[in-house]
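Heads up, the thing below is written out as structure tokens.
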Amino acid sequence: QVQLVESGGGLVQPGGSLRLSCAASASGIISSGNAVGWYRQAPGKQRELVATIITSAGSTNYADSVMGRFTISRDNAKNTVYLQMNSLKPEDTAIYYCNVRIVLLGKYEHNFWGQGTQVTVSS
């Protein structure tokens, strides 16, 4: 059973920074996952993708709303995914979820999710 545990959320002022971490219980899952990423969901709103790393392509993708402000990275040795968030805005307020996607044989998809960590940006 794969478990993902997020941490690092909290209350920050607009313009501030925060670094989220996602630690995986299964050794090697962060490095071997087809994609790892962060999603967020604000109250009453649809869950949205924030940032992702596509392992096969070695590429990263970001939502337009966070481009230039957020950076996703991973430390394979620590089996951890990070999300560095700078220049935070009130609209960034949401629960942030870590995700690891495994695709077997090119078509059997499995998604693992963390419990979420609250990020609140307010004066």
Approximate separation, where rounding is to 0.5 Å, of [X] [atom1] and [Y] [atom2]:
| X | Y | atom1 | atom2 | answer |
| --- | --- | --- | --- | --- |
| Ser21 | Leu4 | OG | CG | 12.5 Å |
| Ile72 | Thr52 | CD1 | OG1 | 5.5 Å |
| Tyr82 | Trp38 | OH | CH2 | 10.5 Å |
| Thr55 | Arg101 | OG1 | CZ | 10.5 Å |
| Cys22 | Asn99 | SG | CG | 8.5 Å |
| Arg19 | Leu83 | CZ | CG | 10.0 Å |

Mind checking whether [X] and [Y] sit in one hydrophobic cluster, side chains of I, L, V, M, F, W, Y counted as touching below 4.5 Å?
| X | Y | result |
| --- | --- | --- |
| Tyr39 | Val100 | no |
| Leu49 | Tyr97 | yes |
| Leu105 | Phe112 | yes |
| Leu20 | Val12 | yes |
| Val103 | Tyr108 | no |

Without swapping roles, check the side chain of [X] against the backbone of [Y] for a donor-acceptor pair under 3.5 Å.
| X | Y | value |
| --- | --- | --- |
| Asn79 | Ala24 | yes |
| Gln115 | Glu6 | yes |
| Thr117 | Tyr96 | no |
| Asn34 | Ser56 | no |

**OP:** Please name the pair of heavy atoms, one in Arg40 and one in Ala94, separated by the smallest distance, quoted to 0.1 Å.
**Re:**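 For Arg40 versus Ala94, the nearest heavy atoms are CB-CB, 3.8 Å.
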
Original post:
Between Asn86 and Ser17, do the side chains contain an N or O donor and an N or O acceptor separated by less than 3.5 Å?
Top reply: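 Side-chain D/A pair, Asn86 to Ser17: present.
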
Original post:
Does Met85 reach the side chain of Asp92, with side-chain heavy atoms less than 4.5 Å apart?
Top reply: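 Answer no - side chains too far apart.
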
Subject >> side chain to side chain contact (heavy atoms under 4.5 Å, CB included) evaluation trace for Leu88 with Phe70 >> reply: CA-CA 9 Å; Leu88 284 162; Phe70 291 10; 3.8 Å; yes

